[in-house]
Amino acid sequence: MPYAPEQIEPKWQDFWARNDIFRAEVDQTKQKYYVLDMFPYPSGAGLHVGHPLGYTATDIVSRYKRMKGFNVLHPMGWDSFGLPAERYAMRTGIHPAITTKENTDTFRAQIQRLGFSYDWSRELATTSPDFVRWTQWIFLKLVENNLAYQAEVAVNWCPAQSTVLSNEEVKDGKYIETGDPVERRLMRQWMLKITAYAEKLLDDLDDLDWPDGIKAMQRNWIGQSHGAEISFAIEGSDAQVKVFTTRPDTLFGATYCVLAPEHPLVDAITRPEQREAVQTYVSETAKLSSFERSELNRDKTGAFTGAYAINPVNGAKTPIWVADYVTMDYGTGAVMAVPAHDTRDHEFARKFELPIIEVVTPEEGHDVQAEAWTGDGTLVNSSFLDGLDVDAAKAQVIEWLETEKAGQAKVTYRLRDWLFSRQRYWGEPIPIIHGEDGSYSTVPDQDLPLLPPKLEEYGPGPDGAPPLARATDWVQTTDPTTGKPGRRDLNTMPQWAGSCWYYLRFIDPNNDLAFVDTEKERYWMPVDLYVGGAEHAVLHLLYARFWHKVLYDLGLVSTAEPFQKLFNQGMILAHSYRDAQGRFYEPEKVEESSGKFYADGKELVQKIEKMSKSRFNVVNPDDVVREFGADSVRLYAMFMGPLEATKPWDTASIAGVRRFLNRVWRLVHDDDDNVDMARLTDEAPDAALNGQLQKMIAAVTSDIEELRFNTCVARLMEMTNTLTPMSRRPRFVIEQFILVLAPFAPHMAEELWGALGHETSIAYAPWPSVAEDALDAADAELKEYPIQINGKIRARVMAAPNLAGEDLLNVVKSDEKVAALLDQVTVLREIPIRDKLVNFVVKG
RNA sequence: GCGGGCGUGAUGGAAUGGUAGACAUAUCGGACUUAAAAUCCGAAGGGCUGACGCCCGUGUGGGUUCGAGUCCCACCGCCCGUACCA
């Protein structure tokens, strides 16, 4: 019987589980290594081949680090609150907890079939009461420290579904599931003060070993900008309008001011004769969705208030307009407009015929009346700033403003506070009790967790109230601190809450006294390697960093950052097939013929796209495991290409790695499936074979450290290709090879390790070290040196390896062919490169 | 617009500034077989040539260098993120 993964894989998975092989405990004598995957939402669709990609990578690192002697923490759990289960409950009446449990069981079984070395004793789910308890406890820490507050904010309201939607569920002003329009509505919501951490979140990025792209996205999202806040007095009023600008140097070029339509001063300053026009404009704007309002190609619109602001620097009267190109949620909600040097102001000024005053000299031939000049230049028309460049003028004008008390330097962030309430059922209820007088108090620690109440129906409550409002008995309660009647908060937390701290709970998942034990936390944190998709680049990773920093400032965790090294696996795409009408076909129904594709007699177009049900191109890992085995799936996932690259899945190509594993099996087994004693020898390998082995070990070791698994697999294949035709195979080489194979194809490695007579699991066998002297001895005989003439290869010379300098030149020049080549020309320069090549620079 | 990334055979991809295409898929040829599958061995970037060989070749155009897929500049194309951010 040949290699049969369907038999050996379940056997070893069972062995690992029964013997707690991957159980991790604090051990101060060993160096720790914490490898974490972004835990999945257990959806009804089951695992997707994208999951095993990242999980295989972290599993290889975990197994490698264990063999290197590290104490490895490698846990898995479930981000199990989520909307699909709730929607399913609304349709069927089946409680989301039931659906969630079923899906989790499916996911767990699918993941276990791939042979990952998780410490399953640490499995957790964000929906479990024990976990919810501590999520709520941390939220209350935020409340206690004034980092959570309630405010009236605009939310996405979907009238057709009578529910609030998250930003992620809204695209182009419509609910992505049904296409129903979504409008803005003011509601009282819980907000988390993430803006208080904007600066730390930005600064601490510098020391993290994260991909530059992700750091850049976080920096962008936080959006720090340096400028000035400037106060403009309003003519005939005590009020002032404060504007934020990054170009205070252009203050002399301000020809009007603009308030956002929602700006609180709009009403107060609008002159009676303009009131009707302004009110009409403001209410028209309010009707627009945020999508319509932010459409880039929209014409500028606005209305004049009739009021004038006084430019503090020169006393100039500038008209105050209301326009929706200024939004209330950035800066101060008001701007000074400098049309000569800002493209948006320029466009507005041209439309409403407002003056354009040049204050920075543009480059030759640029006319600010025709187009704004936003580059550097020399200040003009600006009194005491004349002659300065932009940077000097900024500093100068800020100094002047501070002296005159008309403004000051100011740093503004794009980051907004985090809207933390959802009008949902399947989430952690916000543990707050509201008093009749409008005050609120927190649910005491000993009453946590506060779980979602039992409901008959999971849809929105009466009058569009959140679903929790249906549980009237639950809502009506007594405030345990005051003894007065109160009402529970009707909101739940967003799905992000659990993932903000789950990596801490993995360290100590069963602790009843604390969210994590201090000593264990000190031992295991920070996470040394965190692998997941780039779709969480901003939201999850920013939210988790925020919570972690709050916990750090409260002295509850020992590191300022949770995830030291981050790596993003690339997206996996797949072939899709569609006909001229745009209908998709399942790949099994497609036939290929001379490079074209057909189904039902129609010619199809093949495309590489994201996997999705509607395109019929989703690959289920279970099917692939059944057909090829888990080790093949793992190897293929790694062999496809660089981990971070977006790349297409091609099930046919798995045959290649399966063939490789078949060959590996036969390195040890004969045709009758017995250990092949005839070929396996106890002789030491010759220098060439040992050299290749050592090079392979060195290459795989450094490639694992750098997460370049695709080339690891290629190195393993090369070794096998060398060993396969050999009639005598040194046991030493075979065993070293199996050790290096172990992290990649652990079932195969355990099986062969056992077949060769080892009685303990290969999981903790020491990783082979590289014999440096064997590396040098590798090419004991001859190697080929390419000979270049003026950089082009003209000959090849066989000579001893590792030659350099004069030695190399002498050998090369004594070669007949080289001598002939050099005979006709004048050699200007000789460039011998040690162990590589020789280049002759010649003339004639 | 801004930020990040990517362009290499039929295909996935490899290559500390030093032999471009490792490794694999698909293809073709051979061995084994009554036959097929499996397995093993071999061929293969393009062009010219009977052959030895020669020329061209990593999106395009320049540059640095003895030598560039790799470094620098400009451009073209594609992907991802983000945007009236003052």
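Since the structure is predicted, the reported quantities are computational estimates derived from the model, not experimental observations. By convention in this document, chain letters (A, B, ...) are assigned in the order of the sequence lines, proteins followed by strands, and residues within each chain are numbered from 1. No hydrogens, no waters, no symmetry mates; every other heavy atom, side chains included, goes into these values.
For the pair A:Glu644 CD and B:rC80 C1', the interatomic distance rounds to 14 Å; values are reported in whole Å. One atom, CZ of A:Arg663, and another, P of B:rU39, lie 8 Å apart when rounded to the nearest Å. The CG-P distance, from A:Leu635 to B:rU25, rounds to 13 Å in whole Å. Rounded to a whole Å, the CD1 atom of A:Ile789 is 12 Å from the P atom of B:rC55. What separates CE of A:Met696 from C1' of B:rA14 is a distance of 18 Å, to the nearest Å. As a whole-Å value, the separation of A:Tyr325 OH from B:rG1 P is 22 Å. Going from atom CG of A:Asp650 over to atom C1' of B:rA24 covers 11 Å, rounded to whole Å. In this entry the distance linking OH of A:Tyr330 with P of B:rA83 reads 13 Å, nearest Å.
With a cut-off of 3.5 Å on both Watson-Crick or G-U wobble distances, the partner of B:rC84 is given as none. Across all strands shown, nothing is found opposite B:rA15 as a Watson-Crick or G-U wobble partner with both distances under 3.5 Å. Pairing partner, B:rA74: B:rU60, with both Watson-Crick or wobble hydrogen-bond distances short of 3.5 Å. Of the nucleotides present, none pairs with B:rA20 by Watson-Crick or G-U wobble criteria with both distances under 3.5 Å.
Residue A:Arg715 places no side-chain N or O under 4.0 Å from the OP1 or OP2 atom of B:rA14. Contact annotation: A:Arg658 does not reach the phosphate of B:rA24 (side-chain N/O to OP1 or OP2, under 4.0 Å). In this structure, A:Lys792 reaches the B:rC56 phosphate: one of its side-chain N or O atoms is under 4.0 Å from OP1 or OP2. Here A:Arg708 reaches the OP1 or OP2 of B:rA15: one of its side-chain N or O atoms lies under 4.0 Å away. For the OP1/OP2 pair of B:rA38 and a distance below 4.0 Å, the side-chain nitrogens and oxygens of A:Asn662 include no atom meeting the criterion.
There is a side-chain donor-acceptor pair under 3.5 Å between A:Asp417 and A:Thr195. Counted by atom type alone, A:Thr722 and A:Gln692 present one or more donor-acceptor pairs between their side chains at under 3.5 Å.
Looking at A:Glu627 and A:Arg658, no side-chain N of the basic residue comes within less than 4.0 Å of a carboxylate O on the acidic one, giving no salt bridge. Between A:Asp676 and A:Arg679 there is a salt bridge, since at least one side-chain N of the basic residue sits less than 4.0 Å from a carboxylate O of the acidic one.
For the pair A:Arg545 and A:Trp210, the cation-pi test (distance below 6.0 Å, angle within 45°) is passed. Taking the ring centre of A:Tyr325 as origin, the terminal cationic atom of A:Lys300 falls inside the region bounded by 6.0 Å and 45° from the ring axis.
You'll find that the side chain of A:Val841 is closest to B:rC66, out of B:rA86, B:rC66, B:rU39. Proximity note for A:Phe639 (side chain, C-beta onward) versus B:rU82, B:rG18, B:rG12: the nearest is B:rG12. Of the candidate nucleotides B:rC66, B:rG81, B:rC23, B:rC66 has the atom lying nearest to any side-chain atom of A:Ile831. For A:Asn710, the side-chain atoms get nearest to B:rA14 when compared with the rest of B:rC66, B:rA24, B:rA14. Residue A:Ser225 has its side chain nearest to B:rA86 when only B:rA86, B:rA14, B:rA20 are considered. Listed candidates were B:rC23, B:rG4, B:rA14. Nearest to the side chain of A:Asn721 is B:rC23. In this structure, the nucleotide among B:rC40, B:rG4, B:rG18 sitting nearest to the side chain of A:Ala216 is B:rG4. Closest to the side chain of A:Trp221, out of B:rC23, B:rG3, B:rU82, is B:rU82. The side chain of A:Met717 sits closest to B:rA24 out of B:rA24, B:rC84, B:rA86. Listed nucleotides B:rG67, B:rC84, B:rU82 differ in distance to A:Lys300; the shortest reach to its side chain belongs to B:rC84.
Backbone-only contact: A:Pro642 has heavy atoms under 4.0 Å from sugar-phosphate atoms and none from a base. Within 4.0 Å of A:Ile793, counting heavy atoms only, lie sugar-phosphate atoms of the nucleic acid but no base atom. Within the nucleic acid shown, A:Glu718 comes within 4.0 Å of sugar-phosphate atoms alone, with no base atom in reach, counting heavy atoms only. Residue A:Asp342 is out of contact with every strand shown, counting any heavy-atom pair closer than 4.0 Å. Contacts of A:Lys836 with the nucleic acid, taken as non-hydrogen atoms under 4.0 Å apart, include base atoms. Residue contacts shown for A:Arg416 include a base, since a base heavy atom lies under 4.0 Å away. Using a 4.0 Å heavy-atom criterion, one finds that A:Arg219 contacts no nucleic acid atom at all.
To the nearest whole angstrom, the two C1' atoms, one in B:rG1 and one in B:rG18, are 42 Å apart. On the C1' atoms, B:rU58 is 27 Å away from B:rG3, given to the nearest whole Å. One C1' atom belongs to B:rU25, the other to B:rC6, and the distance between them is 23 Å to the nearest Å. With both ends at atom P, the span from B:rG21 to B:rA43 equals 14 Å, rounded to whole Å. Rounded to whole Å, the separation between the P atoms of B:rG67 and B:rC56 comes to 16 Å. Comparing the C1' positions of B:rA14 and B:rA20 gives an interatomic distance of 9 Å, to the nearest angstrom. Rounded to a whole angstrom, the distance from the C1' atom of B:rC66 to that of B:rG61 is 24 Å. B:rU70 and B:rU19 are spaced 14 Å apart, taking the P atom of each and rounding to whole Å.
Residues satisfying the salt bridge (charged side-chain N to carboxylate O under 4.0 Å, His left out) test with A:Arg829, not counting sequence neighbours, are none.
The aromatic rings of A:Trp665 and A:His669 sit parallel, their planes meeting at an angle under 30°, below the 60° perpendicular limit.
Between A:Phe639 and A:Phe660, the ring centre distance reaches or exceeds 6.0 Å.
Positionally, the nearest nucleotide of RNA chain B for A:Arg659 lies more toward the 5' end than for the other of A:Pro725 and A:Arg659. The 5' end of RNA chain B is approached more closely, in terms of each residue's nearest nucleotide, by A:Gly791 than by the other of A:Asp345 and A:Gly791.
Anti is the glycosidic conformation of B:rG45, whose angle departs from 0 by more than 90°.
The base of B:rU39 has none of its N or O atoms less than 3.5 Å from a complementary donor or acceptor on the side chain of A:Arg666.
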